[in-house]
Each structure stands twice: as C-alpha cells, then as structure tokens.
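Worksheet for the structure shown next.
Below, chain A is the first sequence line, B the second, and so on; all start at residue 1.
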Protein chains: 2
Amino acid sequence: MNDEATGPGRRRTTEQRAAVTLADVARVAGVSEITVSRILRNTGPISERTRARVMAAVEQVGYVPNRIAGTLASATSNLMGVIIPSLSNIVFPEVLQGIHAALATSGFQPVVGVTDYNLDVEERLVRALLAWKPSAMIIAGFDHTETTRRILQQSRTRIAELMDIDAVPIDIAVGLSHRSAGYDTGRYLIGRGYRRFGYVGHDWNADRRARRRWDGLCAALGDAGLALVDQALFDGPSSTQAGRAMCDTLLRRTPSLDVVVFSNDDMAVGGVFHCYGRGLVPKRDVALFGFNGLDIGQALPVPLSTVRSKRYQIGKIAVETILQHPERQSGPIIIDTGYEILEGGTA
Amino acid sequence: MNDEATGPGRRRTTEQRAAVTLADVARVAGVSEITVSRILRNTGPISERTRARVMAAVEQVGYVPNRIAGTLASATSNLMGVIIPSLSNIVFPEVLQGIHAALATSGFQPVVGVTDYNLDVEERLVRALLAWKPSAMIIAGFDHTETTRRILQQSRTRIAELMDIDAVPIDIAVGLSHRSAGYDTGRYLIGRGYRRFGYVGHDWNADRRARRRWDGLCAALGDAGLALVDQALFDGPSSTQAGRAMCDTLLRRTPSLDVVVFSNDDMAVGGVFHCYGRGLVPKRDVALFGFNGLDIGQALPVPLSTVRSKRYQIGKIAVETILQHPERQSGPIIIDTGYEILEGGTA
DNA sequence: CCCATAAATGGCAGCGCTACCATTTTTCGG
DNA sequence: CCGAAAAATGGTAGCGCTGCCATTTATGGG
C-alpha cells in the first residue's frame with residue numbers, strides 16, 4: 001500500500017531516478033521478493049507458472065541484480081582476488097588465461113591487482129582485495145612481507161600461491177620446482193657434450209625464481225666437476241633487447257663459450273637475434289638455451305632449446321583446485337605441474 | 001550493554017568465529033562506529049587524539065574493512081569493470097597495463113572479463129560486471145549485441161569503448177582510426193615505390209579492426225590506380241606461426257610480389273622468420289609491413305617496418321578520462337590517440 | 001473426503017557500513 | 001565570562017538482498 005513512499009527520505013537527494021530493485025520486480029509480478037530472489041538464483045521449488053511470470057517482469061522492468069547487496073546478505077561473494085607481479089612479462093597474462101578459462105563457467109569474477117614486483121604494493125593490494133570478501137586469493141610467488149603472510153593466513157579464505165613449489169605455502173601451491181628445472185637443464189646440456197657454460201641473466205634481486213634456476217644449474221655443473229665460465233647480468237626486467245645486448249657483452253668478453261644459458265626465453269630469443277645479426281649459427285657456433293617454452297621461441301626459424309613451464313596449466317589448476325575444495329584443508333596442498341625439456345635446435 | 005548478544009541468532013550456524021566489524025573497533029576504542037568509519041575514510045573533522053586511539057584499536061583487533069557493506073551503504077563502489085576479447089593477443093595485456101597504471105593510485109580495482117571474441121559471452125559478462133555496480137565499464141571494441149548496447153546505455157555509469165574511433169561510441173571512445181591507419185600504410189608504401197602488393201591476414205570475420213585497416217589499404221591502392229595482387233588469409237587468430245605459414249603460401253603462389261602487408265605484427269614477424277628460413281632478405285627480396293609496433297618486431301635483427309598503435313596509452317587515457325569526469329557528459333567523447341609509422345628496415 | 005506429506009510461497013530480521021541529521025564540546029571575539 | 005560559531009562526535013535508519021522459520025497450497029494414499 002505504501003509502494004511509493006520512500007520512507008522519511010534520505011539518499012536519492014540528487015535527481016537520480018531510483019535503481020530498479022527486487023521489490024519492483026516482485027510488485028510487477030505479484031509475488032514476494034524472496035520468490036523472485038529464489039527464481040533468479042535457481043534455488044528452492046518454484047512452479048513453472050510463477051517462474052515465467054517473474055522472468056517476464058524482470059525483462060519488463062529491466063532489472064539488474066545487485067551482487068553487492070546479495071553478497072552482504074549471504075556472505076558469499078563470487079569474487080576471486082588475483083595478484084600478479086607484472087603484465088609486461090607474457091608469462092603472467094598466460095597464467096591469467098588459465099585462471100579465466102577455469103573461472104569462465106563458474107560464475108566467479110576475478111579482481112586483479114598488479115604489484116610491479118613491489119612487496120609493499122603487494123601488501124596494499126592484499127588488504128584492498130580482501131576488503132571485497134573474495135572466496136579465494138590467487139597470488140603469484142612466495143615472496144611476501146611478514147604482514148602480508150599473516151593477513152592472508154588469518155583471512156579464512158583459500159590462498160593459492162602460484163609458479164613455485166620450492167617452499168611451504170600458506171595454503172595451496174601450484175607450480176614447478178625451479179631449482180630442479182635449473183638442475184635438469186645443466187644435466188641435459190652436459191649430457192649433450194657442452195663444457196664451457198656461460199649465463200645471461202636479468203633482475204638479479206627481483207626475480208627469485210630465475211635465481212633458483214641459476215642455483216640448480218650451478219649445482220648440476222658442480223656435481224659434474226664444472227662451473228660457469230662467465231656470466232652477464234642485465235640490471236632490469238627481462239626482454240629480447242636486453243638478452244641481445246647481454247649476449248653480445250658475454251660473447252665478446254669470453255668467445256670461447258660453447259653454450260649460453262639464458263634466464264628465460266625472452267632473453268634467449270634476444271640471444272638468437274644477436275647471432276643472426278652477427279652471422280653466427282646457433283648450436284654450430286654457440287649453443288643457446290632458454291626457459292619457459294614461449295611461442296615466440298618455438299616459432300623461430302630454428303626452434304629454441306628450452307624448458308617448457310606450464311603457465312596456463314598453473315592458473316587453470318589453481319582455480320580448479322579452489323573450486324573443488326572451497327574450504328581450507330588441514331595441511332598445505334602442493335601441486336607439481338612439472339616441466340619438460342624442449343630439444344629445439346639451438347642446443 | 002548487549003554487546004555479546006547476537007540477536008535471535010541466525011547466521012553463524014557454523015562454528016566460524018564472527019568477523020571483526022567496525023563495531024568491535026569502536027567498542028575497543030571507546031568511540032562510536034561512525035567515528036571509526038570517518039577516520040578510516042579520512043572524512044570529517046577528527047581530533048588527533050581519537051584518531052590515534054582508533055588506529056591502535058584497528059591494529060589490535062586486526063580489522064579488515066568490508067567494502068561490500070560500505071558500497072551498499074554509500075552506493076559508490078570503487079570497482080571498475082574491464083572487458084577484453086582475449087589475453088593471448090599481447091595487445092590486450094598491454095591495454096590492461098595502461099589501465100592498471102592509471103588505476104594504481106586511485107583506489108579503484110578492476111574486475112576483468114574475457115570474451116574470447118564471442119559477443120554473447122560479452123553480453124553475459126556485461127550483465128555480470130554491472131551487478132557489482134562498478135563506477136565505470138571499459139570494454140574493448142565497438143561490436144556488441146543490441147542488448148549489450150542497450151544495457152550499457154541504460155546503466156548510468158561511464159562506458160569507455162577502446163581501440164577504435166571509427167564509429168559513434170555509447171559514451172567514450174579511445175583509440176585510433178584503423179581505416180586511416182590502413183590508408184596511410186598504403187600511401188607510405190606506394191611512396192616508397194612498391195607496386196605489387198600482397199596481403200596476409202587472419203580471422204577475417206572476428207577481427208573487425210584488421211578488416212578496417214584492410215579497407216583503408218585497399219582504398220589507398222585504389223586511389224593510386226593499384227590493387228592487391230594477391231592475399232592469403234589464415235582462418236584463426238593471429239600468431240607468428242600462422243604468419244609464417246601464410247607468407248609461405250602467398251609467396252609460393254605469387255612470387256612476383258614486391259611488398260607484403262600483414263594484418264598485424266605477430267603475423268609479420270612470422271613473415272620475417274619465413275624469409276630467414278628461406279634465405280630471403282627482407283626488403284631486398286620482398287618488403288614486409290606489419291601493424292602495432294610490438295617490442296618483438298622492433299627487437300628483430302632488422303626492425304620491422306610497421307605502424308605503432310599506442311595500446312598502453314589507450315588504456316591509460318581511458319581510465320584517466322573516466323577518473324576526471326565520473327559523471328556522463330551530454331554527448332559522446334572521442335579521443336584519438338593516433339598512430340605513427342615506424343620506418344624500420346623491412347620496407 | 002480426510003489427513004499426512006510434499007511443494008510453493010511469504011514475513012521478517014539483519015549482513016556491515018554510511019548518509020543524514022542531530023547533539024555535545026571546544027574555541028574565541030567582545 | 002557569555003553567546004555564537006566551529007569542531008568533534010553520536011543516533012538511527014536504511015542500502016538491497018538472503019537465511020531462517022513459518023504458512024499456505026497442491027498431491028495422494030486409504
């Protein structure tokens with residue numbers, strides 16, 4: 001009877017017309033709000049007749065549900081927080097792809113934050129995203145501030161830490177052992193007869209995973225009575241240009257190397273380009289080896305020898321695991337997505 | 001006085017301990033909820049003494065704000081919907097980068113959806129994201145279903161359509177004229193003396209912007225009394241591999257071409273690789289021209305001749321425009337970010 | 001045709017916060 | 001030392017929806 005009364009009016013002081021709410025739909029359809037709510041959420045027993053009537057009313061008034069209100073009332077949000085260090089490194093968009101693919105049919109929406117490899121930014125983002133009461137948080141890497149770790153631990157949501165399994169996660173870890181990948185790279189190259197190893201790297205302090213691969217590589221060399229002969233490190237993020245420049249530096253300084261291991265494929269492709277530019281033939285003159293198995297490396301005239309990490313799978317499996325077990329388990333879960341050596345033609 | 005009473009208890013039927021709320025902080029600090037709220041939002045006059053006391057209480061109880069409740073109460077959400085067609089085409093992560101960069105200091109969080117170039121998926125995503133009452137929606141492209149357009153129009157939020165300015169936007173458009181870029185490509189190449197034009201393309205139906213560049217190219221050729229001699233179209237998304245294969249097909253069929261224009265840089269880099277593989281020297285034997293100005297093309301031993309589109313800028317400017325004018329204006333806004341021909345060394 | 005059971009539907013409180021008014025306290029010119 | 005203005009603080013009613021607990025309406029066996 002008091003449909004039109006807006007109560008002792010506050011809000012809507014501006015001239016804006018009121019948003020269409022469940023109540024409007026209910027009134028038009030001649031049912032209660034809760035019935036409309038049930039129909040839109042497909043819960044509880046509903047007769048076909050009222051369902052049709054309500055759907056017509058929804059259409060007629062142009063109702064758009066308000067998930068904010070729904071989430072507040074039900075305390076379940078359908079949002080998932082995603083934090084990655086960067087978008088410029090192609091690896092992370094690929095992880096995002098996997099996340100989106102697995103999320104697509106689930107009704108969840110990702111809220112994305114980018115840290116730029118800054119742990120304080122990460123902490124701020126974790127706080128900001130938790131404020132949306134997400135059902136889970138996906139976060140690339142293991143390096144967090146103490147506070148970040150504590151906040152994540154205390155929030156009772158699922159936490160997936162991606163890319164890496166070389167440490168104990170807060171809740172779930174999905175990725176591969178970078179140390180082991182580095183070690184196997186060493187073993188593989190030694191097996192193919194290479195002895196004079198060079199290394200081209202980037203961001204020595206920020207990229208911990210590259211560092212761990214380097215550790216593994218050095219361990220493999222050490223176990224075989226060898227050692228890195230020389231290395232060139234670029235002080236900044238990885239890129240084809242940087243790889244090209246550093247490869248030049250390294251080979252100029254130590255021309256006797258028979259293989260150069262790069263911190264990742266971006267850098268290694270730069271190495272290949274360097275060779276092309278100088279008339280060197282990869283493998284015949286100097287062997288080149290990357291990490292990641294990016295498309296661009298495999299599309300080169302001679303495919304790059306490298307290790308395939310499964311970025312897409314990592315994102316996808318993380319989400320699938322979370323969707324399967326929405327509640328935290330007793331102990332941490334570690335999922336090894338593995339890696340595989342791509343023989344290619346440059347080593 | 002009834003602090004502990006949870007009312008005629010419902011919720012919290014599970015054993016979960018209650019979440020920490022504003023009320024808890026207020027109780028510990030000995031002030032009212034609204035005062036805590038004001039302090040955390042930096043609004044209204046607050047004495048230093050109480051601010052300190054409240055902040056200490058926040059720290060003590062480990063309070064995490066609930067933006068869901070805040071948004072419902074204030075009807076302003078700090079969320080921004082972002083819809084892009086794909087994450088595998090590097091162009092869109094670059095747009096996302098720009099969006100994130102501009103958003104970083106604003107307190108807004110992007111909620112991201114990926115359509116896979118499917119307009120029905122796009123419509124579903126638009127509905128899903130609008131349900132979070134975002135302050136704005138950013139959406140790549142102009143191709144929407146009728147319903148999508150209507151829903152976007154009716155939602156009173158700001159809408160930015162990115163990449164393209166060849167049509168009238170719902171609200172804001174940020175991008176470049178692809179037709180004009182195609183036309184200028186033609187003029188430029190004609191000016192450099194090329195006459196026998198070939199074209200290598202992809203996704204003839206899905207990628208409308210590539211199509212529009214093609215239109216422009218053909219128009220330029222027509223105005224000069226020329227026409228495309230031959231073209232090869234790949235039925236699928238653009239990739240280096242596809243560009244390589246199609247370039248092979250095209251040059252095998254019509255070896256007399258003196259320049260090949262590619263639908264974008266991914267495809268063009270494939271063309272360059274094809275040449276390397278076959279011992280052809282780009283430009284001397286056949287000229288190659290791309291679109292986008294991707295890093296990878298510029299890192300090649302000989303940089304790719306192409307047109308730079310400013311993806312990062314597009315995302316950044318879109319967000320900045322929205323932040324500057326949170327309310328819709330009277331008429332549509334069109335922002336031309338332009339483009340620039342990169343001479344490179346392949347044409 | 002009655003009653004037990006299942007199927008549909010509804011009433012109401014409250015999720016955690018903030019807008020809109022107060023109300024109380026401080027400050028300060030005269 | 002008073003009254004007016006400014007500075008701090010608080011009470012209360014929702015924001016739009018959903019969980020809990022009825023209540024009402026079919027359905028079907030005896």
Would you say the side-chain atoms of B/Thr148 pair up with the backbone N or O of B/His144, donor to acceptor, closer than 3.5 Å? no
Within the pair B/Ser37 and C/dT18, is there a side-chain N or O less than 4.0 Å away from OP1 or OP2? yes
Distance in angstrom units between A/Glu33 CD and C/dG10 P, rounded: 11 Å
Is the distance from OP1 or OP2 of D/dG19 to the nearest side-chain N or O of A/Arg41 less than 4.0 Å? yes
Phosphate oxygens OP1/OP2 of C/dG10: is one of them under 4.0 Å from a side-chain N or O of A/Ser32? yes
Whole-Å distance between C/dG16 C1' and A/Lys133 NZ? 9 Å
Give me the residues of residues 47-66 of chain B where at least one heavy atom lies under 4.0 Å from an atom of DNA chain D, by number, or none. B/Ser47, B/Thr50
Gap between atoms CD1 and C1', on B/Ile68 and C/dC17 respectively (whole Å): 12 Å
B/Ile34 has an atom CD1; how far is it from atom P of C/dA19, in whole Å? 7 Å
Examine the base of D/dG10 for any acceptor or donor lying under 3.5 Å from a partner atom in the side chain of B/Arg38, and report the outcome as yes or no. yes
Looking at D/dG16, I'd like to know if its phosphate oxygens (OP1 or OP2) sit under 4.0 Å from a side-chain N or O belonging to A/Thr21. no
Residue whose closest nucleotide on DNA chain D lies nearer the 5' end, B/Ala69 versus B/Gly30: B/Gly30
Separation of A/Leu72 atom CG from D/dT18 atom C1', in whole Å? 10 Å
Residue pair B/Arg38 / B/Ile46: nearest heavy atoms and the distance that separates them: CB-CD1, 4.1 Å
Return the value, rounded to whole Å, for the distance between atom CG of B/Leu40 and atom P of C/dT18. 8 Å
Closer than 3.5 angstrom, by distance alone: can the side chain of A/Glu161 be matched with the main-chain N or O of A/Ala140 as a donor-acceptor pair? no
Quick one: does B/Asn66's side chain have a donor or acceptor within less than 3.5 Å of a partner on B/Ile68's backbone? yes
Using a cut-off of 4.0 Å on non-hydrogen atoms, how would the nucleic acid contact of A/Ile46 be classed: base, sugar-phosphate, or nothing? sugar-phosphate
Please tell me whether A/Ser37 and A/Arg41 have a donor and an acceptor in their side chains that are separated by less than 3.5 angstrom. yes
Please check if the number of heavy atoms outside A/Arg149 that lie under 6.0 Å from its CZ is greater than 12. yes
May I have the distance from B/Ile39 (atom CD1) to D/dA8 (atom P), rounded to whole angstrom? 11 Å
Residues A/Thr337 and A/Gln313: side-chain donor-acceptor under 3.5 angstrom: no
